[in-house]
Amino acid sequence: EAQVTQNPRYLITVTGKKLTVTCSQNMNHEYMSWYRQDPGLGLRQIYYSMNVEVTDKGDVPEGYKVSRKEKRNFPLILESPSPNQTSLYFCASNRLAGNNEQFFGPGTRLTVL
Amino acid sequence: DAKTTQPTSMDCAEGRAANLPCNHSTISGNEYVYWYRQIHSQGPQYIIHGLKNNETNEMASLIITEDRKSSTLILPHATLRDTAVYYCIVRVESGYSTLTFGKGTMLLVSP
(Lines give C-alpha, C1' and ligand atoms only; values in the text may rest on other atoms or scores of the structure.)
Protein backbone atom coordinates (compact mmCIF):
# COMPACT_ATOMS: atom_id res chain seq x y z
CA GLU A 1 0.00 0.00 0.00
CA ALA A 2 1.30 3.43 -0.98
CA GLN A 3 1.79 5.44 2.17
CA VAL A 4 3.71 7.93 4.24
CA THR A 5 4.52 6.78 7.75
CA GLN A 6 5.57 8.83 10.75
CA ASN A 7 6.92 7.83 14.11
CA PRO A 8 6.18 8.37 16.85
CA ARG A 9 2.51 9.26 16.54
CA TYR A 10 2.42 10.84 19.98
CA LEU A 11 5.27 12.24 22.06
CA ILE A 12 5.48 14.14 25.30
CA THR A 13 8.91 15.49 26.12
CA VAL A 14 10.63 18.19 28.13
CA THR A 15 12.33 21.38 27.08
CA GLY A 16 15.80 20.89 25.70
CA LYS A 17 15.72 17.14 25.18
CA LYS A 18 16.68 16.43 21.58
CA LEU A 19 14.19 14.41 19.57
CA THR A 20 13.70 13.09 16.05
CA VAL A 21 10.44 12.41 14.27
CA THR A 22 10.90 9.96 11.44
CA CYS A 23 9.11 10.06 8.10
CA SER A 24 9.24 7.43 5.41
CA GLN A 25 7.47 7.00 2.08
CA ASN A 26 7.30 3.96 -0.18
CA MET A 27 6.28 5.68 -3.42
CA ASN A 28 9.72 6.70 -4.67
CA HIS A 29 8.71 10.36 -4.45
CA GLU A 30 11.35 13.00 -4.99
CA TYR A 31 9.67 15.77 -2.99
CA MET A 32 9.13 15.55 0.75
CA SER A 33 8.15 18.17 3.27
CA TRP A 34 7.22 18.82 6.88
CA TYR A 35 4.29 20.90 8.09
CA ARG A 36 3.09 21.92 11.49
CA GLN A 37 -0.52 22.63 12.29
CA ASP A 38 -1.64 24.90 15.08
CA PRO A 39 -5.15 26.12 15.97
CA GLY A 40 -6.01 29.30 14.14
CA LEU A 41 -2.80 29.21 12.08
CA GLY A 42 -3.52 26.31 9.77
CA LEU A 43 -0.82 24.21 8.13
CA ARG A 44 2.57 25.85 7.75
CA GLN A 45 5.54 24.38 5.96
CA ILE A 46 8.72 23.89 8.01
CA TYR A 47 11.22 22.39 5.56
CA TYR A 48 11.12 20.65 2.24
CA SER A 49 13.39 18.53 0.10
CA MET A 50 13.36 18.14 -3.65
CA ASN A 51 15.64 15.15 -3.68
CA VAL A 52 18.43 13.38 -1.83
CA GLU A 53 20.83 15.83 -0.16
CA VAL A 54 18.68 18.80 -1.29
CA THR A 55 16.76 20.57 1.47
CA ASP A 56 15.40 24.07 1.91
CA LYS A 57 13.56 26.18 4.45
CA GLY A 58 9.84 26.61 4.40
CA ASP A 59 7.85 29.30 6.19
CA VAL A 60 8.68 28.39 9.80
CA PRO A 61 12.10 26.65 9.93
CA GLU A 62 13.43 28.13 13.19
CA GLY A 63 14.24 25.47 15.77
CA TYR A 64 14.14 22.57 13.33
CA LYS A 65 16.61 20.61 11.24
CA VAL A 66 16.09 18.01 8.55
CA SER A 67 18.18 15.63 6.51
CA ARG A 68 17.63 13.68 3.32
CA LYS A 69 20.28 11.00 3.05
CA GLU A 70 17.95 8.51 1.40
CA LYS A 71 15.10 9.13 -0.97
CA ARG A 72 12.49 7.43 1.19
CA ASN A 73 13.34 9.05 4.54
CA PHE A 74 13.05 12.65 5.73
CA PRO A 75 13.50 12.94 9.50
CA LEU A 76 12.61 16.09 11.43
CA ILE A 77 15.05 16.95 14.20
CA LEU A 78 14.40 19.21 17.15
CA GLU A 79 17.81 19.81 18.74
CA SER A 80 16.47 21.69 21.75
CA PRO A 81 12.68 21.57 21.82
CA SER A 82 10.76 24.39 23.42
CA PRO A 83 7.09 24.66 24.46
CA ASN A 84 6.25 26.77 21.40
CA GLN A 85 7.03 23.71 19.28
CA THR A 86 4.09 21.88 20.80
CA SER A 87 2.07 21.12 17.70
CA LEU A 88 0.68 18.54 15.28
CA TYR A 89 3.28 17.65 12.67
CA PHE A 90 2.68 16.20 9.23
CA CYS A 91 5.13 14.78 6.74
CA ALA A 92 4.16 14.75 3.07
CA SER A 93 5.57 13.57 -0.23
CA ASN A 94 4.82 13.85 -3.93
CA ARG A 95 6.27 13.22 -7.35
CA LEU A 96 7.79 16.16 -9.16
CA ALA A 97 6.01 15.24 -12.41
CA GLY A 98 2.35 14.55 -13.08
CA ASN A 99 -0.45 16.00 -11.00
CA ASN A 100 1.78 16.39 -7.94
CA GLU A 101 -0.83 14.94 -5.60
CA GLN A 102 0.70 15.33 -2.18
CA PHE A 103 0.41 12.37 0.18
CA PHE A 104 0.37 13.09 3.89
CA GLY A 105 1.37 10.99 6.84
CA PRO A 106 -0.97 10.37 9.79
CA GLY A 107 0.58 13.08 11.94
CA THR A 108 2.70 13.29 15.08
CA ARG A 109 1.28 15.08 18.08
CA LEU A 110 4.16 16.60 20.03
CA THR A 111 3.91 18.17 23.47
CA VAL A 112 6.93 19.94 24.90
CA LEU A 113 6.67 20.67 28.63
CA ASP B 1 0.05 31.58 -5.47
CA ALA B 2 -3.37 33.23 -5.71
CA LYS B 3 -5.43 33.54 -2.55
CA THR B 4 -8.76 31.81 -2.08
CA THR B 5 -11.90 32.61 -0.13
CA GLN B 6 -14.13 29.91 1.27
CA PRO B 7 -17.08 29.95 3.69
CA THR B 8 -16.08 29.08 7.21
CA SER B 9 -18.61 26.30 7.60
CA MET B 10 -21.42 24.48 5.82
CA ASP B 11 -23.98 21.86 6.71
CA CYS B 12 -25.28 19.05 4.57
CA ALA B 13 -27.78 16.25 5.12
CA GLU B 14 -26.52 12.72 4.63
CA GLY B 15 -27.25 11.44 1.13
CA ARG B 16 -27.61 14.92 -0.34
CA ALA B 17 -25.12 16.67 -2.56
CA ALA B 18 -22.61 18.94 -0.83
CA ASN B 19 -21.58 21.96 -2.91
CA LEU B 20 -18.54 23.75 -1.55
CA PRO B 21 -17.72 27.09 -3.18
CA CYS B 22 -14.35 28.77 -3.54
CA ASN B 23 -13.46 32.21 -4.87
CA HIS B 24 -10.08 32.77 -6.48
CA SER B 25 -10.49 36.00 -8.42
CA THR B 26 -6.73 36.63 -8.77
CA ILE B 27 -5.91 33.24 -10.25
CA SER B 28 -3.22 33.27 -12.94
CA GLY B 29 -3.44 31.52 -16.29
CA ASN B 30 -1.07 28.73 -15.31
CA GLU B 31 -2.55 28.07 -11.87
CA TYR B 32 -4.69 25.05 -11.11
CA VAL B 33 -7.44 24.70 -8.53
CA TYR B 34 -6.72 21.90 -6.05
CA TRP B 35 -8.99 20.54 -3.36
CA TYR B 36 -7.84 18.69 -0.27
CA ARG B 37 -9.73 17.68 2.83
CA GLN B 38 -8.70 16.96 6.38
CA ILE B 39 -10.73 14.71 8.61
CA HIS B 40 -10.23 15.67 12.22
CA SER B 41 -6.50 15.65 13.08
CA GLN B 42 -5.67 13.25 10.23
CA GLY B 43 -3.30 14.12 7.41
CA PRO B 44 -4.86 16.10 4.56
CA GLN B 45 -6.10 14.05 1.62
CA TYR B 46 -6.05 15.03 -2.03
CA ILE B 47 -9.48 15.10 -3.67
CA ILE B 48 -9.28 16.56 -7.14
CA HIS B 49 -7.76 19.35 -9.21
CA GLY B 50 -8.39 21.13 -12.51
CA LEU B 51 -7.31 23.97 -14.75
CA LYS B 52 -10.41 25.14 -16.60
CA ASN B 53 -12.44 22.13 -17.62
CA ASN B 54 -14.78 20.42 -15.21
CA GLU B 55 -13.29 17.34 -13.63
CA THR B 56 -14.77 14.24 -12.02
CA ASN B 57 -13.26 11.34 -10.18
CA GLU B 58 -14.49 8.68 -7.79
CA MET B 59 -14.56 11.12 -4.89
CA ALA B 60 -15.99 14.33 -6.29
CA SER B 61 -16.64 16.70 -9.16
CA LEU B 62 -15.00 20.06 -9.70
CA ILE B 63 -16.81 22.80 -11.55
CA ILE B 64 -14.72 25.82 -12.58
CA THR B 65 -16.43 28.92 -13.95
CA GLU B 66 -15.55 30.05 -17.44
CA ASP B 67 -13.65 33.10 -16.14
CA ARG B 68 -11.89 30.79 -13.65
CA LYS B 69 -12.52 33.20 -10.80
CA SER B 70 -14.48 30.67 -8.77
CA SER B 71 -15.10 26.97 -8.47
CA THR B 72 -17.35 24.49 -6.71
CA LEU B 73 -16.46 21.11 -5.29
CA ILE B 74 -19.38 18.72 -5.40
CA LEU B 75 -19.70 15.62 -3.26
CA PRO B 76 -22.70 13.99 -4.97
CA HIS B 77 -23.96 11.87 -2.07
CA ALA B 78 -22.44 13.07 1.17
CA THR B 79 -21.93 10.57 3.97
CA LEU B 80 -21.09 11.09 7.63
CA ARG B 81 -17.47 10.19 6.80
CA ASP B 82 -17.28 13.25 4.55
CA THR B 83 -17.40 15.50 7.61
CA ALA B 84 -14.07 17.33 7.34
CA VAL B 85 -12.35 20.63 6.62
CA TYR B 86 -12.13 21.19 2.87
CA TYR B 87 -9.32 23.30 1.49
CA CYS B 88 -9.35 25.02 -1.89
CA ILE B 89 -5.80 25.78 -3.04
CA VAL B 90 -4.63 27.56 -6.14
CA ARG B 91 -1.15 26.81 -7.39
CA VAL B 92 0.88 25.99 -10.44
CA GLU B 93 1.05 22.31 -11.36
CA SER B 94 4.56 21.75 -10.19
CA GLY B 95 6.01 19.34 -7.72
CA TYR B 96 8.24 22.15 -6.52
CA SER B 97 5.34 24.37 -5.60
CA THR B 98 4.37 24.53 -1.96
CA LEU B 99 0.82 23.85 -0.91
CA THR B 100 -0.49 26.87 0.98
CA PHE B 101 -3.46 25.90 3.12
CA GLY B 102 -5.93 28.56 4.15
CA LYS B 103 -8.62 28.10 6.78
CA GLY B 104 -10.88 25.99 4.58
CA THR B 105 -14.56 25.13 4.99
CA MET B 106 -15.73 22.92 7.82
CA LEU B 107 -18.37 20.65 6.28
CA LEU B 108 -20.66 18.94 8.76
CA VAL B 109 -22.72 16.09 7.36
CA SER B 110 -25.66 15.20 9.57
CA PRO B 111 -27.96 12.16 9.60
Side-chain angles (χ1 to χ4, degrees), chain A residues 2-7 9-10 21 23-25 27-51 54-61 71 87-110, chain B residues 1 3-9 22 30-62 64 71 73 81 84-107:
Chain A
Q3 60 182 349
V4 178
T5 56
Q6 296 179 225
N7 282 292
R9 296 289 315 280
Y10 302 90
V21 183
C23 172
S24 185
Q25 50 94 5
M27 296 167 281
N28 202 35
H29 287 167
E30 298 90 353
Y31 188 94
M32 297 185 73
S33 63
W34 276 101
Y35 295 84
R36 62 177 289 176
Q37 185 170 34
D38 304 288
L41 296 176
L43 280 146
R44 295 178 293 169
Q45 191 179 54
I46 304 170
Y47 267 95
Y48 64 93
S49 168
M50 289 191 284
N51 217 322
V54 181
T55 64
D56 211 343
K57 297 177 181 178
D59 298 321
V60 289
K71 197 171 186 180
S87 187
L88 179 58
Y89 291 86
F90 291 103
C91 180
S93 73
N94 60 264
R95 292 186 303 155
L96 291 180
N99 75 5
N100 315 123
E101 172 187 349
Q102 199 157 98
F103 292 80
F104 285 79
T108 295
R109 188 168 293 280
L110 172 66
Chain B
D1 292 343
K3 290 187 176 179
T4 61
T5 305
Q6 299 176 252
T8 301
S9 63
C22 179
N30 64 343
E31 288 181 317
Y32 287 68
V33 180
Y34 282 77
W35 284 84
Y36 280 74
R37 74 179 182 183
Q38 186 176 22
I39 297 169
H40 180 63
S41 293
Q42 295 182 20
Q45 176 191 23
Y46 167 85
I47 301 172
I48 198 167
H49 81 291
L51 182 63
K52 52 185 176 182
N53 297 321
N54 298 338
E55 301 287 345
T56 296
N57 63 21
E58 65 278 3
M59 288 183 69
S61 295
L62 174 60
I64 302 174
S71 60
L73 179 74
R81 288 178 293 181
V85 178
Y86 287 77
Y87 297 99
C88 170
I89 299 166
V90 173
R91 53 167 275 194
V92 296
E93 192 184 48
S94 164
Y96 298 92
S97 177
T98 298
L99 282 176
T100 301
F101 289 83
K103 296 192 186 318
T105 296
M106 174 66 216
L107 174 68

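Just so you know, these numbers use all the heavy atoms, side chains as well, and skip hydrogens, waters and symmetry mates. Every chain is numbered from 1, with letters handed out A, B, ... down the list of sequences. As the structure is a prediction and not an experimental result, all values here were calculated from the model.
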By a 4.5 Å heavy-atom criterion (distance strictly below it), what part of [X] contacts chain B: side chain, backbone, both, or neither?
X      : value
A:E30  : neither
A:R44  : neither
A:F103 : neither
A:E101 : both

ask   = Hey, what do you get for CG (A:L43) to NZ (B:K103), rounding to the nearest 0.5 Å?
value =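 The NZ atom of B:K103 is 11.5 Å from CG of A:L43, to the nearest 0.5 Å.
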task = Using the side-chain contact (heavy atoms from CB on, under 4.5 Å) rule, take B:L99 and A:F104 through it: C-alpha gap first, then chi angles, then the decisive distance, then the call.
result = CA-CA 12 Å; B:L99 282 176; A:F104 285 79; 4.3 Å; yes
query = What option among B:G104, B:S41, B:P44 has the most heavy-atom pairs under 4.5 Å with chain A?
reply =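 Heavy-atom pairs under 4.5 Å are most numerous for B:P44.
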ask   = Which bit of B:Y32 comes within less than 4.5 Å of chain A, counting heavy atoms only: side chain, backbone, both or neither?
value =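 Neither part.
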Any side-chain heavy-atom pair of B:Y36 and A:Q102 under 4.5 Å =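 Side chain of B:Y36 against side chain of A:Q102, heavy atoms only: contact under 4.5 Å found.
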query = Do other residues, nucleotides or ligands put more than 12 heavy atoms under 6.0 Å from the NZ atom of A:K71?
reply =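 Enclosed.
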